[in-house]
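Every heavy atom of this structure was used, including side-chain atoms; hydrogens, water molecules and symmetry mates were not. Every chain is numbered from 1 and lettered A, B, ... according to where its sequence line falls, protein lines coming before strand lines.
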Amino acid sequence: MPELPDAVVYRRRLADAALDRPIADATVVDPLILGDGLEPHRLGEVLRGRTLTDTHRHGKHVFVRYGEETGWLALHFGMTGRVQVVPDGTMPEYAYVQVHFEDGGALAFECPRKFARVRLVDTPDAFVEAKDLGPDARRADVDAFLAPFASRRGAIKGRLLDQSVVAGLGNIYADEALYQEGIHPRTTVPELSETDLRGLYDAIQRVLDAAIAVDADPEALDPDRFMLPHRYGDEHCPKTGVPLDTETVSGRTAYFSPTRQSPPK
DNA sequence: ACTGGCGCCTGTTTGC
DNA sequence: TGCAAACAGGCGCCAG
C-alpha cells in the first residue's frame with residue numbers, strides 16, 4: 001500500500017528525527033530485505049560512526065544520505081513496508097533492518113510481507129536513471145506528465161501504475177484519480193484526449209495533496225468527495241450512491257463507480 | 001517497444 | 001468452530 005503519500009510521510013519522519021545522530025551499528029534481521037546484492041555485514045560497515053545527513057524522495061522511494069560524500073540509502077516499501085524512529089527497547093516485530101544510534105534510539109525498517117527493499121546507491125538521481133523511473137508524480141509539470149503517453153496504447157490504469165511512465169502512483173491512488181476524473185480504468189490511452197489527460201493530471205495532484213494532508217491515511221479522506229474511504233467501508237459511490245464495482249485491470253483489482261466511469265466501447 | 005499476467009511473500013479475511 | 005483458500009499489492013520477470 002505504501003505509495004507516494006506514504007513516502008512523503010516517511011521522508012519527513014526521517015528528516016525530523018533521524019538526522020545528525022551518530023550511528024552505532026546496523027542490524028539485518030532478514031537479508032531478503034536487502035536489494036541489489038547488498039551483503040548484510042556491509043550495511044553496518046558503511047554506517048558505523050557516521051550520521052544521516054539528508055533526505056530525498058522520488059515516487060515511492062525514500063533516500064537517506066549518510067556522511068558527506070556520495071552515498072545514500074534507498075528505501076522502498078513494497079506493500080507492507082514502513083519506517084519508524086523508535087526509542088530504545090521498543091523495536092517493533094517486523095523490523096528486519098535496524099539502524100541503531102549511539103544515543104540508544106533506532107530507525108526501524110519494517111515489512112511483514114518482505115516485499116520492501118533497502119539498497120545502497122551513489123545518488124538518488126543515478127538510481128532513478130538506472131531504474132528508469134519516470135518523473136515524480138507530484139513534482140512533474142503537466143508537459144512532463146503528458147510526454148510518455150504519446151507512445152502508449154494500453155489501459156490507463158496500467159499506465160498509471162507503470163513507474164517508468166510516472167513515479168509514485170499505486171493501486172489505490174490510481175483508482176482514486178480515475179474516479180475523480182470519471183475515467184473507467186480499462187479505457188486505453190488512445191481513447192483519451194489531451195484534455196482528458198490534462199484533467200487526469202490535475203486530479204492526480206488534488207488526490208495526492210489531499211492524501212498527504214491526512215498523513216497518507218486513505219480512510220481519513222473526506223468521505224463526501226473521495227472514493228477511498230468507501231473502498232474499505234460501505235463500498236458505495238459517495239457522489240451517486242450506487243455500489244462500487246470491481247474489475248481486474250492490468251493484473252490488479254480496480255474499484256470504480258459504474259455510473260461515473262463508463263466502460264470503453 | 002510495449003503489454004498483460006504470474007509469482008514472490010505472509011498476515012488477515014473470507015468461506016465452507 | 002476450525003481450517004484452508006482467497007486476498008492484499010509493488011514489482012521483477014516473462015512470453016506474446
- Provide, to the nearest angstrom, the distance between the CD atom belonging to E93(A) and the C1' atom belonging to dT12(B). 13 Å

- Message: Given dA8(C), dG11(B), dG12(C), identify the nucleotide with an atom nearest to the side chain of R113(A).
- Response: dA8(C)

- Message: Expressed as a whole number of angstroms, how long is the span from D30(A):CG to dT10(B):P?
- Response: 8 Å

- Message: Enumerate the salt bridge (charged side-chain N to carboxylate O under 4.0 Å, His left out) contacts for residues 25-39 of chain A, please, sequence neighbours excluded, ordered by first and then second residue.
- Response: D25(A)-R48(A), D30(A)-K114(A), D36(A)-R119(A)

- Note on the structure: Per nearest nucleotide of DNA chain C, the residue lying toward the 5' end, K60(A) or Y255(A), is Y255(A)

- Message: So, OP1 or OP2 of dC9(B): does either fall under 4.0 Å of a side-chain N or O from T80(A)?
- Response: no

- Task: For K157(A), report the nucleic acid contact type (base, sugar-phosphate, nothing); a contact means any heavy atom under 4.0 Å.
- Result: nothing

Only pairs under 3.5 Å count here: list side-chain donor-acceptor contacts from residues 89-99 of chain A, not counting sequence neighbours, and write none if there are none.
unit_1 : atom_1 : unit_2  : atom_2 : d
T90(A) : OG1    : P87(A)  : O      : 2.9
Q98(A) : OE1    : H100(A) : NE2    : 3.0
Q98(A) : NE2    : A95(A)  : O      : 3.0

- Message: How many whole angstroms separate atom CG of D162(A) from atom C1' of dG10(C)?
- Response: 12 Å

- Atom pair distance, as rounded to whole Å: CD in E247(A) and P in dG5(B): 11 Å

- Message: Categorize A155(A) for me: base, sugar-phosphate, or nothing, with a 4.0 angstrom heavy-atom threshold over every strand shown.
- Response: sugar-phosphate

- Ranking dC9(B), dG12(C), dT3(B) by distance to the side chain of R119(A), first place goes to dG12(C)

- Task: Please step through ring pair (Phe, Tyr, Trp, His ring centres under 6.0 Å) for the pair F77(A) and F109(A), ending with a clear verdict.
- Result: CA-CA 9 Å; F77(A) 302 96; F109(A) 186 78; 5.7 Å; yes

- Task: Quickly work out the R82(A) CZ to dG11(B) C1' distance and round it to whole Å.
- Result: 14 Å

- L161(A) has an atom CG; how far is it from atom C1' of dC2(B), in whole Å? 15 Å

- Message: Less than 4.0 angstrom between a side-chain N/O of K114(A) and OP1 or OP2 of dG11(B), yes or no?
- Response: no

- Are E247(A) and R186(A) ion-paired here, with the side-chain N under 4.0 Å from a carboxylate O? yes

- Please test D16(A) against V85(A) for side-chain contact (heavy atoms from CB on, under 4.5 Å), starting from the C-alpha separation and ending with a verdict. CA-CA 10 Å; D16(A) 288 346; V85(A) 180; over 6 Å; no

- Query: Counting side-chain heavy atoms from CB outward, which of dA8(C), dG4(B), dG11(B) is closest to R159(A)?
  - Reply: dG4(B)

- For Y96(A), report the nucleic acid contact type (base, sugar-phosphate, nothing); a contact means any heavy atom under 4.0 Å. nothing

- Note on the structure: Taking for S151(A) and for T248(A) the nucleotide of DNA chain B with the nearest heavy atom, the one nearer the 5' end belongs to S151(A)

- Note on the structure: Between CG of L32(A) and P of dG12(C) the distance, given in whole Å, is 14 Å

- Task: Looking only at side-chain atoms of Y94(A), point me to the closest of dG10(C), dT3(B), dG11(B).
- Result: dG11(B)

- Phosphate OP1/OP2 of dA8(C) contacted by T253(A) side-chain N/O (<4.0 Å): yes

- What integer distance in Å separates R117(A):CZ from dG12(C):P? 9 Å

